[in-house]
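Have a look at the structure below, then the notes.
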Number of protein chains: 2
Amino acid sequence: MALTAGDRRGRDGIPDATIARLPVYHRVLTGLAERGVATVSSDELAEASGVNSAKLRKDLSLLRTHGTRGVGYDVEHLLSQIGRELGLSQEWPVVVVGVGNLGRALANYGGFASRGFRLVGLLDSDPVRFGELVAGVMVRPVTDLAALAHAEQVAIGVIATPAVAAQQVCDVLVAAGVRSILNFAPAVLSVPDGVDVRKVDLASELQILAYHEQRKSAAGIVRTGVSA
Amino acid sequence: MALTAGDRRGRDGIPDATIARLPVYHRVLTGLAERGVATVSSDELAEASGVNSAKLRKDLSLLRTHGTRGVGYDVEHLLSQIGRELGLSQEWPVVVVGVGNLGRALANYGGFASRGFRLVGLLDSDPVRFGELVAGVMVRPVTDLAALAHAEQVAIGVIATPAVAAQQVCDVLVAAGVRSILNFAPAVLSVPDGVDVRKVDLASELQILAYHEQRKSAAGIVRTGVSA
DNA sequence: ATCTGTGAATTTCTTCACAGCA
DNA sequence: TGCTGTGAAGAAATTCACAGAT
């Protein structure tokens with residue numbers, strides 16, 4: 001889990017665990033396509049994605065994909081199927097709230113503009129930053145958030161503010177109709193039903209690593225690692 | 001998950017899913033302690049942590065904690081038990097490789113220094129950055145990485161480089177004895193057994209949100225959201 | 001009366017293992 | 001023969017529901 005758990009009905013049947021892996025497959029396939037690879041077997045793709053090949057095949061079968069027995073999967077075709085499933089065929093307007101180092105890093109993140117996401121707003125509460133251009137987008141006062149979110153039909157809001165501001169920003173986003181939120185602030189957000197929140201939490205990740213590190217040191221034991 | 005799956009033996013029995021939630025409990029409890037709250041019930045703590053209370057109780061019982069029936073848990077005691085379990089009682093030397101906006105954001109991240117983690121190195125491949133002070137730490141050439149990791153007994157390496165450099169940096173970290181890696185680069189890392197990798201992947205998170213967003217738009221349906 | 005601790009039921013996810021198509 | 005697709009088995013995680021402590 002980056003780490004979001006919650007209840008999630010069967011939808012049309014694609015499990016969360018599978019959805020969470022699709023972006024990885026998509027990225028690996030993109031790399032293969034760029035290198036001109038035409039077909040790939042489940043073993044190869046699974047290896048490159050760091051998963052078990054039976055799991056990969058099961059994941060793909062849930063997308064009603066079809067490989068060719070004895071051959072493998074068509075890279076381009078698989079790419080477009082996964083892309084469509086993930087909703088990458090349309091463009092999602094995104095706002096980033098909080099233009100500190102993290103907000104800047106996110107705004108400048110290449111994969112952002114590249115695939116399906118368009119940064120339509122950068123907001124901050126510090127007047128010093130108003131008007132500044134970051135990744136070609138002008139920083140606006142966070143008080144413009146509601147209007148902007150409505151005007152641009154923002155689908156996804158990214159919270160990169162300090163923890164204390166996070167819930168408040170979240171509330172404004174939700175009130176403005178944003179139903180998908182990516183939260184980088186170390187705070188638990190509460191939202192109404194129908195709103196999805198995913199969190200990215202540096203401190204948690206470090207602490208989880210520290211736990212395992214401690215176990216490793218504890219008894220000079222050789223153990224099996226986790227690969228991501 | 002954030003998102004790391006892999007095989008993980010029972011250790012002394014604490015499941016991964018539980019470990020991944022401990023940092024959240026720890027953070028919430030820290031907030032309660034600061035506000036002078038002495039005891040907390042499983043319902044309250046679960047609510048504030050965004051989890052089901054039975055799950056919380058089960059998680060805590062795995063730590064051999066003990067609450068008082070009819071009352072709840074002692075906040076301070078629970079904090080120290082979770083902290084100890086997570087290995088926060090000792091200090092973990094951390095290096096960050098890649099001093100772009102993301103690396104800076106990580107270096108300046110408050111929770112870094114505050115709880116159990118000490119930034120002992122910032123490395124980059126761009127000579128322009130050498131010598132620069134970030135969060136009080138001088139940026140050094142990435143070629144110093146191996147020596148530094150050895151000298152400082154680095155436990156955790158954070159990769160905040162572009163994707164193309166990630167595997168190479170990872171290899172150096174591993175060769176230098178680092179067995180816990182937090183990877184922010186959009187790349188699948190391969191590591192030997194005994195090395196833990198956790199990944200934080202912005203593009204994946206956005207794509208997962210896009211998937212759900214698409215489902216929501218598809219059929220104007222009211223559904224249950226995910227809370228983090 | 002309240003709230004913990006936990007067996008048992010349930011659901012979700014993973015892995016195995018192999019039938020069957022190319 | 002090589003590799004996919006999947007039923008069935010297995011493992012892990014979640015949730016229920018309630019006995020029992022305070």
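Just so it is clear, the model here is predicted, and its values are computed rather than measured. Just so you know, these numbers use all the heavy atoms, side chains as well, and skip hydrogens, waters and symmetry mates. Residue numbering restarts at 1 for every chain, and letters A, B, ... go by the order of the sequence lines.
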Here the gap from B:Arg27 atom CZ to A:Asp201 atom CG, rounded to the nearest 0.5 Å, amounts to 4.0 Å

Ignoring backbone atoms, test whether B:His66 places a side-chain nitrogen or oxygen under 4.0 Å from the OP1 or OP2 oxygen of C:dT4.
no

Between OH of A:Tyr73 and C1' of D:dC3 the distance, given in whole Å, is 9 Å

Among B:Gln207, B:Gln214, B:Glu213, B:Arg215, find the one that has a side chain to side chain donor-acceptor pair (under 3.5 Å) with B:Tyr211.
B:Arg215

Rounded to whole Å, please give me the gap between CZ in B:Arg64 and C1' in C:dT6.
16 Å

Could you check whether atom CD of B:Gln167 has more than 12 heavy atoms from other residues, nucleotides or ligands sitting under 6.0 Å from it?
yes

Under the 3.5 Å rule, do the base of D:dT15 and the side chain of B:Lys58 count as making a donor-acceptor pair?
yes

If you check the B:Asn52 side chain, which of D:dC16, C:dC3, C:dT6 turns out closest?
D:dC16

To the nearest 0.5 Å, how far apart are CG in A:Asp74 and OG1 in A:Thr65?
11.5 Å

Rounded to whole Å, the CZ-P distance (B:Arg57 to C:dC3) equals 11 Å

Relative to the 5' end of DNA chain C, which residue comes earlier, A:Thr68 or A:Ala17, by the nucleotide with the nearest heavy atom?
A:Ala17

Rounded to the nearest Å, what distance is computed from the CD atom of residue A:Glu47 to the P atom of nucleotide D:dC3?
14 Å

Less than 4.0 angstrom between a side-chain N/O of A:Ser42 and OP1 or OP2 of D:dT4, yes or no?
yes

Using the closest heavy atom to pick a nucleotide of DNA chain C for each, name whichever of B:Ala54 or B:Val71 lands nearer the 5' end.
B:Val71

I need the CZ-P distance between B:Arg21 and D:dA12, as an integer number of Å.
15 Å

Suppose we call a contact any N or O donor and acceptor under 3.5 Å apart; does that hold for the side chain of B:Arg69 and the base of D:dT22?
no

Rounding to a whole Å, what distance do you find between A:Lys55:NZ and D:dG10:P?
19 Å

note: B:Asp16, atom CG; C:dC13, atom P; distance rounded to Å ~ 15 Å

Nearest-angstrom distance from the residue atom CD1 of A:Ile14 to C1' of C:dT14
17 Å

Rounded to the nearest 0.5 Å, what's the gap from CD1 on A:Ile82 to CG on A:Leu22? Could you check?
5.5 Å

